[in-house]
Amino acid sequence: MIDLEQLRNNPQQFVDLLSRRGSFDMQPILTLDRQLREMITQRSQLQSRSNVISKTVGESIKAGIPPQSPEIKALRDEASQIKTAIAEFEPQEKQINAELEQLLLTIPNLPSPSTPVGTSEDENVEVRRWGDQYIPAGENILPHWEIGEQLGILNFERSVKIAQSRFVTLLGAGAALERALIQFMLDRHIQAGYLEVMPPFLVNSESLTATGQLPKFSEESFKCGADDLWLIPTAEVPVTNLYQDQVLTAEELPIYHCAYTPCFRREAGSYGRDTRGLIRLHQFNKVELVKLVQPETSEQEHQALVENAAGILEALKLPYRIVELCTGDLGFAAAKCYDLEVWLPSAGKYREISSCSNFHDFQARRGKIRFKPSGQKQTQFVHTLNGSGLAVGRTMAAILENYQQPDRTVRLPEVLQPYLNRAVL
RNA sequence: GGAGAGGUGGCCGAGUGGUUGAAGGCGCAGCACUGGAAAUGCUGUUUAGGGGUGACUUUAACGAGGGUUCGAAUCCCUCCCUCUCCGCCA
């Protein structure tokens, strides 16, 4: 959620920044805001008078004045009238408030001033590349879904039968490799200071609204029709919402969490894209990193988070690059975002394997996640950050291709070998 | 699914119609005492919003929403959630 006070006090600066993402009309919001505040002022004054009357009536009765006496009767009548007047205000006020709220929920986050300006992913900025020496030289590398099926560790066909397209079943060493990757990633992140959590995989609408998936992107998540519960599209949702509606102390920050969860996405509107393989599935595993930090530190915390995610790729010796998303490619809730892209030989290009975002106070404001700086009376919103560390299925895809050998076997990255008790698939 | 109990401030826990935003305790902060600390004492300690440059002032909130009343944490209705026991089940 954007900061209404900031918008009110400095609309021009606000609109300028937001215009880097697209065009948004802030005028309706400003108008509703003004109307609402006028109503609140008027209604509060009436309420105040009403409270005085009630108090006087109570005191008078206590002092022995009969409840039916004319002076008390007069006060009661006045209070009744005020009550009627207030009753007229309330529905209007509620309605305006609801409208305002709805509008505010659809405005995306302000991009950070340092986010490169651009209109599409073509204008994303490459930050660095790593691991050129690990890019395999061979020409005829099988795409991961082919080698996976040859090795008998991936099965797509039967998954269609039991679910539908865009699902996979892992068998034997495939299942073991997936599990090993999860374990390996978590081990590293725990070592780096993240506290592991295993949250619910179903969440309510409120949680999805706080992190920004609702109300605008409801068609992206699976909903359990009979309940107000959704399958999580990412661990970001349950883990961030662990702290929803809380006032933390400054000492509790920063909070670092890592979490393994499956993720469920409808992938609406991506028909025909990445229809084969592990790249775009309705269900995939992911290890997620989530941070809640004080605002002054969020920039450096963001950099550190990117390094934690990149550390996994480096440990696995998978070639990757980091790109900074431009304003046009930025996610709804993000102020700044780096994508980690792994080299995928079959595609001959880098593919996203992690997305590391700084949301500033956007999610915290929606989820009411605050903290009290030591010595201060006022609460402040925390900054939230998260990033994949990493998408597990895509990591497996990268291994199956980058580690493929001419004899159609796949070597395992050294760091994984102890987890699987073998060196080759 | 059946039966019961309960939801009050950071926490515990009083409170059944009238200056109760809420006793008491714990915790926390400040001060005093001390060589320093403990113990003790005193003081302070919710959040969100409106108005005001400011001192300040005002409104709301006792699970949520509605109702009764001049006045509701307290009474009535609806809903949600939690806990215990039984049944079923991973």
Side-chain angles (χ1 to χ4, degrees), chain A residues 1-10 29-101 104-105 198 200-210 224 226-230 238 241-253 255 262 292 361 364-382:
Chain A
M1 184 107 72
I2 56 167
D3 184 353
L4 186 55
E5 207 176 304
Q6 190 193 342
L7 172 65
R8 193 188 291 150
N9 296 337
N10 210 338
I29 290 179
L30 289 165
T31 306
L32 287 173
D33 176 49
R34 190 160 10 91
Q35 286 178 357
L36 183 62
R37 284 187 300 146
E38 276 165 19
M39 281 189 167
I40 288 172
T41 304
Q42 289 187 47
R43 201 212 59 224
S44 296
Q45 283 166 357
L46 288 174
Q47 191 61 255
S48 177
R49 171 64 189 154
S50 168
N51 288 347
V52 170
I53 292 172
S54 297
K55 213 172 262 182
T56 312
V57 170
E59 279 164 5
S60 303
I61 292 174
K62 219 176 196 176
I65 300 174
Q68 302 309 326
S69 66
E71 57 261 58
I72 290 184
K73 176 83 167 56
L75 286 172
R76 283 185 172 182
D77 288 347
E78 189 189 346
S80 285
Q81 280 169 23
I82 291 174
K83 203 181 161 186
T84 314
I86 290 174
E88 277 171 31
F89 270 105
E90 267 175 350
Q92 289 182 59
E93 197 183 313
K94 260 187 188 164
Q95 160 132 21
I96 291 179
N97 196 23
E99 276 175 41
L100 185 59
E101 189 77 4
L104 284 171
L105 284 173
M198 192 170 284
F201 300 160
L202 297 182
V203 294
N204 56 34
S205 298
E206 205 182 333
S207 296
L208 279 164
T209 305
C224 304
D227 305 279
D228 178 31
L229 287 171
W230 306 68
N241 276 288
L242 240 27
Y243 301 95
Q244 189 205 103
D245 203 13
Q246 234 189 293
V247 181
L248 300 156
T249 62
E251 294 71 42
E252 288 174 273
L253 298 174
I255 291 170
L292 288 81
D361 60 5
R365 181 170 283 112
R366 290 171 154 236
K368 298 188 182 65
I369 308 174
R370 291 158 293 175
F371 77 103
K372 197 174 283 208
S374 41
Q376 278 188 45
K377 210 174 156 57
Q378 265 295 321
T379 56
Q380 261 187 65
F381 290 107
V382 302

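So that the names make sense, note that chain A is the first sequence line, chain B the second, and so on, each numbered from 1.
Nucleic acid contact for A:K94: sugar-phosphate only, since backbone atoms but no base atoms lie under 4.0 Å from a heavy atom of the residue. Across all strands, A:D77 comes closer than 4.0 Å to no nucleic acid atom at all (heavy-atom distances). Within 4.0 Å (heavy atoms only), A:T379 reaches sugar-phosphate atoms of the nucleic acid but no base atom. In this structure, A:R8 reaches the sugar-phosphate backbone alone: every heavy-atom distance under 4.0 Å involves primed, P, OP1 or OP2 atoms, never a base. Note on A:E78: nothing from the nucleic acid sits closer than 4.0 angstrom, heavy atoms only. Residue-level contact check: A:I82 touches neither bases nor backbone, having no heavy atom under 4.0 Å from any strand. The residue A:I40 sits close only to the backbone: its heavy atoms come under 4.0 Å of sugar-phosphate atoms, none of a base. Residue A:K83 is in base contact, counting any heavy-atom pair closer than 4.0 Å across all strands shown.
B:G1 and B:C86 make up a base pair, with Watson-Crick or G-U wobble contacts both under 3.5 Å.
Comparing B:U19, B:C70, B:U47 by their nearest atom to the side chain of A:K372 picks out B:U47.
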Table please: side-chain donor-acceptor pairs of residues 60-71 of chain A below 3.5 Å, with sequence neighbours left out.
from, atom 1, to, atom 2, distance (Å)
A:S60, OG, A:T56, O, 2.8
A:S69, OG, A:P66, O, 3.0

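Atoms CD (A:E93) and P (B:A60) sit 12 Å apart, rounded to a whole Å.
Put simply, A:N51 has a side-chain N or O that comes within less than 4.0 Å of OP1 or OP2 on B:A60.
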